Amino acid sequence: MKILNRYVLKEHLGPLAFSLTALTSLLLLNYIAKQFGNLVGKGLPWSVIVEFFVLSIPFTVAMTLPMAVLVSVLYAFSRLASENEITALKASGVSLVRVLVPVLWGATMLAALMVGFNDQILPRANHELRVLQGDIARKKPTFALREQVINEVASGKLYLRANKVDQSSNIMREVTIYDLGDPTRRRTIYADSGTMRLMAGASDLELTLWSGEMREVQRNDPAQLQRLFYTSDRIRVRGVGNSFEQSEHDDFKGDREMSICEMEQAFASSRRDYETSRRQLADALGGAAHLLATGERVVRPTSPPASAHVPPSASSPSGVPAAATTTDTGAAARPPFGVARLYCGALAWAAKRLPSGKATTTTVAGLTSAGASAAAAALAPQAAVAQAATPARPVTGSGIRRGADSTRKAAAAAPVRPPPRRMPAPLLPPPSAGVATEGRPPALPYGAGARGTVGAAMGGTMDASLAVNQVTAELDAARIRMQDTEQSMNGYDVEIQKKFALAVACIVFVLLGAPIALRFPRGGVGLTIGVSLGVFALYYVCLIAGEELANRGFMPPFWAMWAANVLFTLIGLVLLARMGREGGTSRGGDTGELVEQLRLFLKRQLRRVGLRVDRRAPAT
């Protein structure tokens, strides 16, 4: 590495480490403040609390690393320009682009590392964090009493009221206990004073009562009252608090807990479901139009005809044979071409080239054997149909081959039976024969010997309005399934694009931050903080808004996640083209000049729309 490259990268390394640590700490403290109430007061061990916050770090780092890159670029180039080092490099014949090249290479390497981080470390940390949050939510808080309030000690069984509770010594005054645990009797316990403590394991509560009485009434004989006076009494209530237990096996994963290749497979599955739902919706619309036009209800067979030679397992849930769906969903079953598909293909290619790797057993970026089995099961019907349609090849061996040839000749000589024809059902009387009622289509009459398909399907007891309502319900169900699968597709695609977009943002912020820092060399810390906050706010607003729009289907997921990168890249390229006119230390270039430049830009824009803005006259 050349001396210039090492020097420029060294100038960025310190600010990068400092800004990454500071920003991650700030966001993590904010997250701790939000989750503090869910952790404190439940008797959790410190190891669980520490694990909770350690698992929260990867998500925070994924958000703050692009921010840290922008801060380090702004600070480093601003310092190089303010101390005239950029001027010295230009006087030596070194162009500004040459100074920027090592930073771009460093940002590219950082983006590649961030892709691997977002693909492997971040989903696993999110999965472990979600499981841990569920375990913490199941943990009951430690027992605590409130004064002069009936406290529920055991759910539906034991209630306690104390006029005075000393939290430091756990001493209670004027205690009343209502015992409803036995359904055959009701017991009330009074005590002048008492103490409480949790037993070992913080699961059972022990109450020690002094100077009181116990009253008991039987349910079957409420006229009798039993009273028992005591000097000291001890009561143990089980199950007040429970111990913390961590889950060991939780295979369910959300979209943010999957790797890129796992989401690609889930996206392909959702796309197949979407195509099936869309085809079912089209069939339902065709059936509704046929019903309204002819009065017939189209009844589709739930099993393929015998001539199709399709095994029973090859039928789809909608009753359509797999042979009919292979051509429709074959292309949809594959993930769409894009950077994620190239990434997963590169990982699979690298796994096959490993010395000890095997294509059938290697696990690469979430492509487990279970996922391969699920994909094979999904494509099994299409493979069975293709195998049934492909003629058998002759086997090596004269006797076996002659037997196969004779069998084929006998099959050719046998008469070919045409497939059975479905006789059309008799038509119903025209719709005009019915009487229209308010809010529904006219009911079609049914004759004794002229029942249509609707009547045949329901035993001849259903009128046309009921058939229309049923078809409408089928349309709504197909439309809802189609919307759900489309939303699932968008969710997976958004998460895939987000992982790559956040990584590429490291390169984009270098293109944006360097020319700004060189244009205003004396901006210092004020310029760094101001520009960083503005860029961060705009970038993440675009990211969050784009994610919401993509999930609702108003915007393609690709542009929803990459719009901010494209916008800032264009701005950075424009600024790079004008980078030769950066400010010098002797003629300003501080934050005040940046504010003045923004003011003049707004003034020019207002003049273009017809608004004239003049400076105020100086006061005399």
Side-chain angles (χ1 to χ4, degrees), residues 27 30-31 34 59-67 70 111 114-115 118-119 122-123 126 130 253-278 281 332 334-344 476 478-509 511-512 532-574:
L27 292 184
N30 183 30
Y31 184 73
K34 292 181 179 179
F59 173 76
T60 309
V61 170
M63 303 296 290
T64 57
L65 186 57
M67 300 182 187
L70 178 60
M114 192 173 178
V115 169
N118 293 341
D119 181 38
L122 180 60
N126 288 340
R130 192 218 9 120
K253 290 184 178 181
D255 52 3
R256 296 188 178 182
E257 303 168 15
M258 297 182 181
S259 64
I260 295 175
C261 298
E262 287 177 336
M263 284 191 290
E264 279 289 285
Q265 297 296 326
F267 179 86
S269 177
S270 298
R271 192 173 183 182
R272 284 195 301 269
D273 296 340
Y274 175 79
E275 293 296 330
T276 303
S277 301
R278 183 177 62 83
L281 179 61
R334 296 190 301 269
F337 183 79
V339 62
R341 186 174 173 185
L342 292 176
Y343 174 78
C344 295
D476 292 338
R479 179 178 53 83
I480 292 174
R481 286 195 300 269
M482 186 175 174
Q483 291 176 351
D484 291 342
T485 52
E486 183 180 11
Q487 187 175 5
S488 178
M489 288 170 51
N490 292 335
Y492 287 123
D493 201 4
V494 163
E495 291 300 324
I496 292 173
Q497 301 298 334
K498 185 193 296 185
K499 291 180 183 294
F500 290 100
L502 285 175
V504 175
C506 298
I507 304 174
V508 174
F509 286 160
L511 297 176
L512 180 67
S532 300
L533 290 178
V535 173
F536 296 161
L538 183 58
Y539 184 84
Y540 286 111
V541 164
C542 293
L543 203 66
I544 294 173
E547 181 177 0
E548 187 67 22
L549 291 175
N551 288 333
R552 295 187 179 185
F554 296 115
M555 192 174 184
F558 177 84
W559 290 110
M561 293 294 100
W562 289 89
N565 285 347
V566 172
L567 174 63
F568 286 119
T569 300
L570 294 177
I571 295 176
L573 292 177
V574 172

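Worth saying up front: this structure is predicted, and the values here are computed from it rather than measured. We're numbering straight along the sequence, starting at 1.
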### Query
Would Val574 and Leu570 satisfy side chain to side chain contact (heavy atoms under 4.5 Å, CB included), going step by step from the backbone distance to the final call?
CA-CA 6 Å; Val574 172; Leu570 294 177; 5.6 Å; no

### Spatial distance of atom CG (Leu502) from atom CG (Leu65) [nearest 0.5 Å]
9.5 Å

### Message
If the condition is salt bridge (charged side-chain N to carboxylate O under 4.0 Å, His left out), which residues does Lys498 pass it with, not counting sequence neighbours?
### Response
Glu495, Glu547

### Task
Name all pairs fulfilling the side-chain hydrogen bond (donor to acceptor under 3.5 Å, both in side chains) condition that reach into residues 550-560, sequence neighbours left out, sorted by first residue then second.
Glu548-Arg552

### Message
Would you compute the distance between atom OG1 of Thr60 and atom CG of Leu122 and round it to the nearest 0.5 angstrom?
### Response
9.5 Å

### Message
Tell me if the CZ atom of Phe536 is crowded by more than 12 foreign heavy atoms within 6.0 Å.
### Response
yes

### Task
Mind checking side-chain contact (heavy atoms from CB on, under 4.5 Å) for Ala266 and listing every partner two or more places apart, or none if nothing turns up?
Met258, Tyr492

### Task
Quick one: list whatever passes ring pair (Phe, Tyr, Trp, His ring centres under 6.0 Å) with Phe568, sequence neighbours left out.
none

### Query
Roughly how far apart are Asp119 CG and Ile260 CD1, rounded to 0.5 Å?
4.0 Å

### Task
With sequence neighbours left out, write down each residue that passes salt bridge (charged side-chain N to carboxylate O under 4.0 Å, His left out) with Asp476, or none if nothing qualifies.
Arg479

### Message
Checking Tyr539 now: which residues fulfil ring pair (Phe, Tyr, Trp, His ring centres under 6.0 Å) with it, not counting sequence neighbours?
### Response
Phe509

### Met561 and Phe500, any side-chain heavy atoms less than 4.5 Å apart
no

### Query
Atom CG of Asp493 and atom CG of Asp255: how far apart are they, to the nearest 0.5 Å?
11.5 Å

### Task
Check whether more than 12 heavy atoms from other residues, nucleotides or ligands sit under 6.0 Å from atom OH of Tyr540, and answer yes or no.
yes

### Residue pair Met263, Lys499: steps toward the side chain to side chain contact (heavy atoms under 4.5 Å, CB included) verdict
CA-CA 11 Å; Met263 284 191 290; Lys499 291 180 183 294; 3.3 Å; yes

### Message
So which atom in Met482 and which in Leu281 form the shortest heavy-atom distance, rounded to 0.1 Å?
### Response
SD-CD2, 3.7 Å

